[in-house]
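Here is how names work: the chains are called A, B, and so on, in the same order as the sequence lines, proteins then strands, and each is numbered from 1. For clarity, every value in this text was computed on a predicted model and none was experimentally measured. Below, all heavy atoms of this structure are taken into account, side chains as well, without hydrogens, waters or symmetry copies.
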2 protein chains.
Amino acid sequence: MNPLEIPEIVIKRLPLYLRTLELMADEGQTVTSSQELGGRLGISSTQIRKDLSYFGEFGKQGTGYDIRFLRGQLRGILQVDRPWKVALIGVGDVGHALLRFIGFEDRGFSIAAIFDKDPQKVGRRVDKLTVLDVATLHEVIRRRGIRMAIIAVPACEAQGVADALLGAGVGAILTYAPTLLRLPPHMRVSYLDPVVGLQSMTYYLSPSRP
Amino acid sequence: MNPLEIPEIVIKRLPLYLRTLELMADEGQTVTSSQELGGRLGISSTQIRKDLSYFGEFGKQGTGYDIRFLRGQLRGILQVDRPWKVALIGVGDVGHALLRFIGFEDRGFSIAAIFDKDPQKVGRRVDKLTVLDVATLHEVIRRRGIRMAIIAVPACEAQGVADALLGAGVGAILTYAPTLLRLPPHMRVSYLDPVVGLQSMTYYLSPSRP
DNA sequence: TAGATTGTTAATCGATTAACAATC
DNA sequence: TAGATTGTTAATCGATTAACAATC
């Protein structure tokens, strides 16, 4: 089956399945069922079986799924069975928080280069990395074969950084800047604006008392 | 129309419309059309008109929408025309980044209390706020009438914090911990796990070169 | 075997879009 | 008026779910 025919909404659920399987494996569990997995995620068992069926047959009737096997298959499908080098642009508060976040390494990513435009920050060491001048972004990203990037600069600078990343051959961007980026359709973009999440939840809250 | 009948997917698009309208207003623009708004967001004009029609009639045929008026209407619908007090739990790297993030205030939120369990941090001042002991969470949240919270603690502590927030009467949680929370259906939850975003983008990247 | 659970088909449900009358 | 754009209906498209044969 042509991968392009698989609905994007299915692809977006796979990391959630994978995360739950990692957790189950960590807890020492060896086998699960679509029903158990769905129960944990608040998703119907039918949907999980249907989603997986786009990629193959991974379970056994009557038994369910071998957790380590299915985890391996999902890692392979999502291509996170090998590490991806990620560039981080912006070594401010968000950048620092990301650098100290330990959750990247064992889930398929490693921060391989960090950039800032502030001359005061360029040259400093943060953990094992040296802050590079954003002016060298194109060259460094090309040379190191980096294909993904995280934008953690102020909103007003995000578009400029995104343009530079596009020119450097990056194929996917995760951005913390609360701004819509204008990029060609082949560039994958994920947005993480905390306010957007908050604002859709307030709709459902009963009116605030004065 | 009963608000419960409006699809959640529509509600989730409203903050994006609002964010774009804020930007247009900041740029001094006074009028827009569903076509222009859709063009900026990569959404069809029909969908925008349909979404807005769930709530009323906000435009003028032949002219479009008055930006300030529509912005005000959307703020009212989303209830972000008045400030919501938000509790922040976890004053680590992510917590600090959030406290220095200036984007909350003018979009309907203000961080009104911050908590940590580390005795070394409790009592310290961060900007205008004092770090409170998480043991006092219930009482403080009740007394101050706080209805929303942001979880920025390590994954292993997130469920415990969520349970405490539930008990304290919080109605909506935004969490940075990469863990699915078990909470009753009336509690609204938004997840911001950067790895989930990255992992669905790698699916679309051509295989990495060795 | 009996019970459980998969993978898949067909039916249902819901969301998006095309088309257009209304009207500024 | 002529041109533009809204709000809304009906048609289309796509995603979810119910049901079940296959089979471990």
Side-chain angles (χ1 to χ4, degrees), chain A residues 1-17 20-21 24 29-74 77 185 200 203, chain B residues 1-17 20-21 24 29-74 77 185 200 203:
Chain A
M1 171 178 276
N2 185 337
L4 292 176
E5 292 171 15
I6 296 170
E8 188 171 343
I9 197 164
V10 171
I11 303 300
K12 287 195 174 166
R13 279 192 292 262
L14 299 185
L16 304 176
Y17 301 167
T20 306
L21 291 166
M24 288 172 165
Q29 200 177 334
T30 58
V31 172
T32 189
S33 65
S34 59
Q35 199 151 77
E36 187 192 27
L37 202 50
R40 288 228 199 180
L41 287 161
I43 286 176
S44 76
S45 62
T46 311
Q47 182 158 82
I48 288 174
R49 294 201 302 279
K50 173 88 174 162
D51 285 354
L52 295 177
S53 75
Y54 282 104
F55 304 98
E57 307 188 0
F58 307 112
K60 268 204 192 100
Q61 283 102 325
T63 313
Y65 302 91
D66 180 274
I67 288 174
R68 288 163 59 86
F69 174 73
L70 183 56
R71 178 182 66 174
Q73 293 294 307
L74 286 178
I77 291 163
S200 58
Y203 173 81
Chain B
M1 169 178 279
N2 185 336
L4 292 176
E5 292 171 16
I6 297 170
E8 189 172 341
I9 198 164
V10 172
I11 303 300
K12 287 195 174 168
R13 279 193 291 261
L14 299 185
L16 303 177
Y17 300 168
T20 305
L21 291 166
M24 287 172 166
Q29 200 178 332
T30 58
V31 172
T32 188
S33 65
S34 59
Q35 197 151 80
E36 187 191 29
L37 202 50
R40 287 228 199 181
L41 288 161
I43 286 176
S44 76
S45 62
T46 311
Q47 182 158 81
I48 288 174
R49 295 201 302 279
K50 173 88 174 164
D51 284 353
L52 295 177
S53 75
Y54 282 103
F55 304 96
E57 307 189 359
F58 307 113
K60 267 205 194 99
Q61 283 101 324
T63 312
Y65 302 91
D66 179 275
I67 289 175
R68 288 164 59 87
F69 174 73
L70 183 56
R71 178 181 66 175
Q73 293 295 307
L74 286 179
I77 291 164
S200 59
Y203 173 81

| request: Could I get the full list of salt bridge (Lys or Arg N to Asp or Glu O under 4.0 Å) partners for A/Lys60, not counting sequence neighbours? | output: none
| task | Calculate the interatomic distance between A/Glu8 atom CD and D/dT16 atom C1'; express it in whole Å. | result | 18 Å
| query | Are B/Leu52 and B/Leu74 close enough that some pair of their side-chain heavy atoms sits under 4.5 Å apart? | reply | yes
| OH of A/Tyr54 versus P of D/dA15: gap in Å, rounded? | 7 Å
| query | Nearest-Å distance, CG (B/Asp51) to P (C/dA15)? | reply | 10 Å
| Taking atom C1' of D/dG14 as reference, at what distance in whole Å does atom CD1 of A/Ile6 sit? | 15 Å
| query | Considering residues at least two apart in sequence or located in another chain, which fulfil the side-chain contact (heavy atoms from CB on, under 4.5 Å) criterion with B/Glu8? | reply | A/Tyr204, B/Lys12, B/Arg188
| task | Could you pull out all residues at least two apart from B/Thr30 that satisfy side-chain contact (heavy atoms from CB on, under 4.5 Å)? | result | none
| query | What residue pairs, at least two apart or across chains, pass salt bridge (Lys or Arg N to Asp or Glu O under 4.0 Å) with a residue in residues 35-53 of chain B? | reply | B/Arg13-B/Asp51, B/Glu27-B/Arg40
| message | Can you list everything that forms a salt bridge (Lys or Arg N to Asp or Glu O under 4.0 Å) with B/Glu57? Sequence neighbours excluded, please. | response | none
| request: Check side-chain contact (heavy atoms from CB on, under 4.5 Å) between B/Ser44 and all other residues, then give those that pass, not counting sequence neighbours. | output: B/Thr46, B/Gln47
| said: Let's test your reading of the pairing rules: Watson-Crick or G-U wobble, both distances under 3.5 Å, then write DNA chain C as a dot-bracket string with ( ), [ ], | and dots. | reply: ..||||||||||||||||||||||
| request: Quick one: list whatever passes side-chain contact (heavy atoms from CB on, under 4.5 Å) with B/Phe69, sequence neighbours left out. | output: B/Phe58, B/Asp66, B/Gln73
Could you pull out the protein-nucleic contacts involving nucleotides 3-9 of chain D (nitrogen or oxygen on both sides, under 3.5 Å)?
residue, atom, partner, partner atom, Å
D/dT5, O4', B/Gly62, N, 3.1
D/dT5, O2, B/Gly62, N, 3.2
D/dT6, OP1, B/Ser34, N, 2.7
D/dT6, OP2, B/Ser34, OG, 2.6
D/dG7, OP1, B/Phe58, N, 2.8
D/dG7, OP1, B/Gly59, N, 2.8
D/dG7, OP2, B/Tyr65, OH, 2.7
D/dG7, O3', B/Glu57, OE2, 3.3
D/dG7, N7, B/Arg49, NE, 2.7
D/dG7, O6, B/Arg49, NH2, 2.9
D/dT8, OP1, B/Glu57, OE2, 3.4

